[in-house]
Amino acid sequence: MGFAEQRFNVNLSILFTELPLLERPAAAAAAGFTAVELWWPWTDSPTPERSRLDALKKAIEDAGVQLTGLNFYAGRLPGPDRGALSVPGEESERFRANIDVAAGFAQSLGCRALNALYGNRVEGVDPGKQDALALENLALAARAADRIGAILLIEALNRPESPRYPLVSAPAAVGVVDRVNEATGLGNARFLMDLYHLSMNGEDLPSVIDRYAARTGHVQIADNPGRGAPGTGSLPLEDLLDRLRKAGYDGWTGLEYKPGDRPSAEAFAWLPAEARAAR
């Protein structure tokens, strides 16, 4: 099959970041893409002013691209944080305040996937208490996603780059998916399979695909080492994406890689221009 048979979107929180936020959707469109995804864009606020939300919505609509994925508020990302929902106190409250805001913004643009990063372990706090808080907040997020016809994504990160993040394997993340679905009865929590993070953890990627493709709601890629574009490292990404398709995954693949020391528009030579528009 190959790259040309996949459905790609561009993560505008890691690509085109040399541009102001409101210029990135048009830049992705100019590069030939018709779908984008975002981390929560306002790290300073889980509840930004309506004018900021409206301006980003207009930029996405004017560019003619589809928003296919959005993170809930996750603290300082990029930065030291890896989510807020399991962090007791103010950060957990900020996550809860963000749930309806993020879901409403996603609904306004027809986005049907919301990613909830778990959050780091906090020194001096019982991990069991953090996990109980996480389940409460994830259930709230799953219900909000269900109200707009969306799925809730649970992502595994990698231990070398996120040593305090507890979900650093596919089984750990899928275990949380199962607990959320059991708690809500909705069945809309799904695994976010980021092949870069899983490879950094040393997981057997073909085995992960075979085992969890049916439980996967979204896929993200970057090459390893370096988290660069496909072809800059040693991961057989084309083969792995083919394996996912053969295993039944027919969703989006998010391009969540670093462009390197070049403009982002020059970081897509590996993908023919005619294969960039979603089919």
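Please read all numbers here as calculations on a predicted model, not as lab measurements.
Of all the heavy atoms in Leu195 and Leu235, the pair that sits closest is O-CD1, 4.2 Å. Contact detail for Arg211 and Pro171: the closest heavy-atom pair is NH1-CG, 4.5 Å. Nearest heavy-atom pair across Thr47 and Ala97 is CG2-O, 3.5 Å. The heavy-atom pair separating Cys111 from Gly69 by the smallest distance is SG-N, 3.5 Å. Contact between Leu19 and Ala27 at its shortest, heavy atoms only, is CD1-CB, 3.5 Å.
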Side chain to side chain donor-acceptor pair (under 3.5 Å), that's the test. Do Asn201 and Ser169 meet it? Break it down for me. CA-CA 7 Å; Asn201 288 327; Ser169 72; over 6 Å; no
Quick one: do Val10 and Tyr257 satisfy side-chain contact (heavy atoms from CB on, under 4.5 Å)? Show the steps, please. CA-CA 9 Å; Val10 177; Tyr257 60 80; over 6 Å; no
Assess whether salt bridge (charged side-chain N to carboxylate O under 4.0 Å, His left out) is satisfied between Arg96 and Glu136, documenting all intermediate values. CA-CA 10 Å; Arg96 291 192 183 198; Glu136 288 179 18; 3.0 Å; yes
Apply salt bridge (charged side-chain N to carboxylate O under 4.0 Å, His left out) to Asp131 and Arg121, showing your working. CA-CA 10 Å; Asp131 292 339; Arg121 291 300 192 205; 2.9 Å; yes
Can you list the steps and then say if Asn115 with Asn71 is a side chain to side chain donor-acceptor pair (under 3.5 Å)? CA-CA 4 Å; Asn115 184 27; Asn71 282 21; 3.2 Å; yes
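Linking ILVMFWY side-chain heavy atoms closer than 4.5 Å, directly or via other members, places Ile148 and Leu153 in two distinct hydrophobic clusters. If you chain together hydrophobic residues whose side chains sit under 4.5 Å apart, Trp252 and Leu15 never meet in one group. Under the 4.5 Å side-chain heavy-atom criterion for grouping Ile, Leu, Val, Met, Phe, Trp and Tyr, Phe3 is connected to Leu244 within one hydrophobic cluster. Residues Tyr249 and Leu255 fall within the same hydrophobic cluster, defined by Ile, Leu, Val, Met, Phe, Trp and Tyr side chains chained together at heavy-atom separations under 4.5 Å. Residues Leu114 and Trp39 share a single hydrophobic cluster, defined by chaining ILVMFWY side chains whose heavy atoms lie under 4.5 Å apart.
Taking CG of Leu12 as the start and CG of Leu21 as the end, the distance is 8.0 Å to the nearest 0.5 Å. To the nearest 0.5 angstrom, Glu203 atom CD is 9.0 Å from Ser199 atom OG. How far NZ of Lys246 is from CG of Asp239: 8.5 Å, rounded to the nearest 0.5 Å. The distance from the CG atom of Leu157 to the NE2 atom of His197 is 4.5 Å, given to the nearest 0.5 Å. Here the CD atom belonging to Glu90 is positioned 7.0 Å from the CD atom belonging to Glu93, to the nearest 0.5 angstrom. Residue Leu241 holds its CG atom at 4.5 Å from CD of Gln6, rounded to the nearest 0.5 Å.
You'll find the side chain of Pro230 reaches within 4.5 Å of the side chain of Ile221, heavy atoms only. Inter-residue side-chain proximity for Val219 and Asp194 is flagged as unmet; no heavy-atom pair is nearer than 4.5 Å. Residues Asn158 and Val168 fail the side-chain proximity criterion, which asks for heavy atoms closer than 4.5 Å. Side-chain contact check for Leu117 versus Leu85: every heavy-atom pair is 4.5 Å or farther apart. Side-chain contact between Phe95 and Pro46 is absent, with no heavy-atom pair separated by less than 4.5 Å. With a 4.5 Å cut-off on side-chain heavy atoms, Phe105 and Leu56 count as touching. Side-chain contact check for Phe16 versus Pro259: every heavy-atom pair is 4.5 Å or farther apart. Between Ile154 and Leu192, the closest side-chain pair of non-hydrogen atoms is not below 4.5 Å.
Under a 3.5 Å cut-off, the side chain of Thr216 and the backbone N or O of His218 do not form any donor-acceptor pair. Side-chain atoms of Arg190 never come within 3.5 Å of backbone atoms of Gly187 as a donor-acceptor pair (strictly under, hydrogens ignored). Looking only at distances, a side-chain donor or acceptor of Asp242 sits under 3.5 Å from a matching main-chain atom of Gly2. With Arg245 contributing its side chain and Asp250 its backbone, the two residues share a donor-acceptor pair below 3.5 Å. For Gln220 (side chain) and Met193 (main-chain N/O), no donor-acceptor pair under 3.5 Å exists by modelled atom type. Checking side-chain atoms of Asn120 against main-chain N and O of Pro80 turns up a donor-acceptor pair under 3.5 Å. With Thr232 contributing its side chain and Ala229 its backbone, the two residues share a donor-acceptor pair below 3.5 Å. No donor-acceptor pair closer than 3.5 Å links the side chain of Asp146 to the backbone N or O of Leu186. Using a distance-only test at 3.5 Å, with no hydrogens or angles considered, a donor-acceptor pair links the side chain of Arg276 to the main chain of Ala31.
With sequence neighbours excluded, the residues forming a side chain to side chain contact (heavy atoms under 4.5 Å, CB included) with Glu266 are Arg262, Pro263, listed by chain and number. For Lys57, the side chain to side chain donor-acceptor pair (under 3.5 Å) criterion is met by Glu61, not counting sequence neighbours. Looking at residues two or more places apart in sequence or on another chain, you find a side chain to side chain donor-acceptor pair (under 3.5 Å) between Arg76 and Asp81. Annotation: side chain to side chain contact (heavy atoms under 4.5 Å, CB included) contacts of Glu49 (sequence neighbours excluded): Ser51, Arg52. Listed by chain and number, the residues in a side chain to side chain donor-acceptor pair (under 3.5 Å) with Asp100 are Arg147 (sequence neighbours excluded). Evaluation of the side chain to side chain donor-acceptor pair (under 3.5 Å) rule for Arg94 yields Tyr73, Glu91 as partners, not counting sequence neighbours. Contacts of Phe8 classified as ring-ring contact (aromatic ring centres under 6.0 Å, His included), with partners at least two apart in sequence or in another chain: Trp270. The side chain to side chain contact (heavy atoms under 4.5 Å, CB included) test applied to Ala102 returns Trp40, Leu70, Phe72, Asn98, not counting sequence neighbours.
Asn137 and Ser92 share a side-chain donor-acceptor pair at under 3.5 Å.
Taking a 6.0 Å sphere around CD of Glu161, one finds it holds more than 12 heavy atoms contributed by other residues, nucleotides or ligands. Within 6.0 Å of atom CG in Asp261, 12 or fewer heavy atoms from other residues, nucleotides or ligands are found, so the atom counts as exposed in its surroundings.
Listed by first and then second residue, the side chain to side chain donor-acceptor pair (under 3.5 Å) pairs that reach into residues 8-29 are Asn9-Glu37, Asn9-Thr68, Asn11-Glu37, Asn11-Glu256, Glu18-Ser264, sequence neighbours excluded. Applying the ring pair (Phe, Tyr, Trp, His ring centres under 6.0 Å) test to residues at least two apart or on different chains, none of the pairs has a partner in residues 160-194.
Taking Ile, Leu, Val, Met, Phe, Trp and Tyr as hydrophobic and joining them when side-chain heavy atoms fall under 4.5 Å apart, one finds Tyr196 in a cluster with Met200. The other residues sharing a hydrophobic cluster with Val87 are Val122, Val125, where clustering joins ILVMFWY side chains under 4.5 Å apart.
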